[in-house]
Structures are given as C-alpha cells and as structure tokens.
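Heads up: the structure comes next, in structure tokens.
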Amino acid sequence: KAGVTQTPRYLIKTRGQQVTLSCSPISGHRSVSWYQQTPGQGLQFLFEYFSETQRNKGNFPGRFSGRQFSNSRSEMNVSTLELGDSALYLCASSDRTGGNTIYFGEGSWLTVV
Amino acid sequence: DAKTTQPPSMDCAEGRAANLPCNHSTISGNEYVYWYRQIHSQGPQYIIHGLKNNETNEMASLIITEDRKSSTLILPHATLRDTAVYYCIVRVPRGAGSYQLTFGKGTKLSVIP
C-alpha cells in the first residue's frame with residue numbers, strides 16, 4: 001500500500017510569489033491534514049480537510065489556504081510569500097475512525113528568498 | 001488542550017531498551033496518546049498509539065498509567081537507526097469527527113554504540 005505522497009519535494013520561491021503544494025493520501029483515507037514545521041515554532045497544525053470540506057483550522061493567516069478534491073487528494077496554497085514561510089510542509093492522512101492511525105508524508109521543503 | 005511534557009534529550013546504549021517518558025496530566029477521557037519519531041529532514045514516522053490499555057506492535061510498546069496522566073514508550077532493543085526526535089502527542093478531538101495533533105518539542109534520543 002502506497003504511503004502519503006507529497007509533491008514537490010523541494011522548491012524555492014521569491015517573496016511575494018504564491019505556491020501550491022500537493023498531497024495524495026493513502027488509498028481509502030479521506031481525511032487530510034496539513035502541518036508546518038520550522039526550527040523556531042516546531043510542528044504546527046494548519047488545517048484539516050474531510051469530504052472536500054475544511055473541518056478544522058489552526059492559527060495561520062488567510063494567506064494559507066487549502067482544498068480537497070473528490071478523490072481525497074489535497075492541495076495547500078500560500079499566497080504573497082514571506083521569508084518566514086520557509087518551512088517543511090507536512091501532509092497527514094487518516095481514515096478518521098476513533099482510534100485511527102495517522103500517517104505523514106515526507107513533506108515539501110519550501111525556501112522563500 | 002492537553003499538553004505533554006518530555007525530557008529534551010536522552011541517551012541509550014545500543015542493544016538496550018530505551019524508555020521514553022511522557023507526562024500528560026491534563027488528558028481527557030477520550031483523548032488518545034500517540035507517539036511519532038522524526039529523523040532529520042523526514043516526515044514524522046508513526047510508532048504507536050493508545051487510549052487506556054498498554055499496546056505493543058513490531059516497533060515498540062506503550063505503557064499508559066492507570067490514571068492516564070503519563071505514559072512510557074519502550075523500544076526493546078535500540079539500534080543506531082532509532083536515533084531521532086520522539087514526540088508524545090495527545091490527539092485532541094475538535095468536534096464533528098475532526099482532530100488535531102499538537103506537537104511539543106519532543107525528546108532527542110541518541111543511541112550510543
């Protein structure tokens with residue numbers, strides 16, 4: 001069974017640009033969550049999507065957005081990039097049952113210059 | 001939110017058992033304890049999770065105290081590849097089936113040859 005797949009693995013963007021990251025969850029998993037990891041703040045929850053609807057959102061500005069498609073694949077978008085957005089962006093998928101196992105992808109490394 | 005407290009670092013001799021403690025004194029009755037580990041530049045790897053009972057899988061054992069205020073992750077025979085940051089997390093339900101993983105700073109486990 002394939003794991004959580006994130007693309008691209010590495011990317012470099014310029015301040016002011018926007019970026020879109022993609023996540024394909026494990027087959028059969030309908031919940032996708034996104035996390036940001038930086039050296040200073042650690043791993044922080046961005047948002048969760050289930051059945052194409054955002055179910056929960058962390059404390060991030062509106063520049064951070066996401067969506068989920070009918071096949072459960074998800075994208076997150078960051079607009080008007082700032083230097084502080086440089087981070088590892090992680091996607092996690094689960095089947096959302098009570099004691100479910102939550103699996104993470106390898107992440108997308110974003111560098112803003 | 002239930003917070004977790006872990007020692008910042010621990011050493012363990014190769015081949016010995018590694019016992020990683022975690023305090024979660026404010027945990028609620030329906031909140032699960034999850035353990036992940038992260039090797040530099042990679043996504044968090046799921047290890048084990050539990051609610052009340054002790055759990056064991058091919059990677060580790062999870063011992064949860066009867067009052068659920070603390071737990072211990074046991075790696076029975078540590079190898080050099082177990083060197084990583086280990087995160088103890090309480091999964092917080094956010095209503096309508098949504099959940100959130102709140103990561104702390106974790107324990108940096110160093111396995112010594």
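Numbers restart at 1 for each chain; the letters A, B, ... are given by sequence-line order, proteins then strands. Values below: all heavy atoms of this structure, side chains included; hydrogens, waters and symmetry mates excluded.
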Approximate separation, where rounding is to 0.5 Å, of A:E48 CD and B:L101 CG: 9.5 Å

Heavy atoms of other groups near A:N59 CG, more than 12 under 6.0 Å: no

Same cluster for A:L110 and A:L83 if Ile/Leu/Val/Met/Phe/Trp/Tyr side chains link at under 4.5 Å? yes

Verify same cluster id: B:I74, B:I48 (apolar side-chain graph, 4.5 Å): no

Okay, A:Q37 and chain B: the region with an atom under 4.5 Å from a heavy atom over there is side chain

Pairwise distance CZ(B:F103) to CZ(A:F45) - rounded to 0.5 angstrom: 11.5 Å

With heavy-atom distances below 4.5 Å as the criterion, would you say the side chains of A:L88 and B:Q38 are in contact? yes

Is there a continuous path of hydrophobic side-chain contacts, each under 4.5 Å between heavy atoms, that joins B:I63 to B:W35? no

Can you tell if the side chain of B:H49 reaches within under 4.5 Å of the side chain of A:N100, non-hydrogen atoms only? no

Measure A:L90 against the heavy atoms of chain B and call it side chain, backbone, both or neither at under 4.5 Å. side chain

Quick one: what part of B:L51 sits under 4.5 Å from any heavy atom of chain A, side chain, backbone, both or neither? neither

Single-linkage hydrophobic cluster B:L80~B:L75, side-chain heavy atoms < 4.5 angstrom: yes

Counting only heavy atoms not in A:R9, do more than 12 sit closer than 6.0 Å to its CZ atom? yes

Does B:Y34 reach the side chain of A:T101, with side-chain heavy atoms less than 4.5 Å apart? no

N/O donor-acceptor pair under 3.5 Å between B:Y36 side chain and A:I102 backbone: yes

Please determine whether residues A:L21 and A:V113 belong to a single hydrophobic cluster, defined as Ile, Leu, Val, Met, Phe, Trp and Tyr linked transitively by side-chain heavy-atom distances below 4.5 Å. no

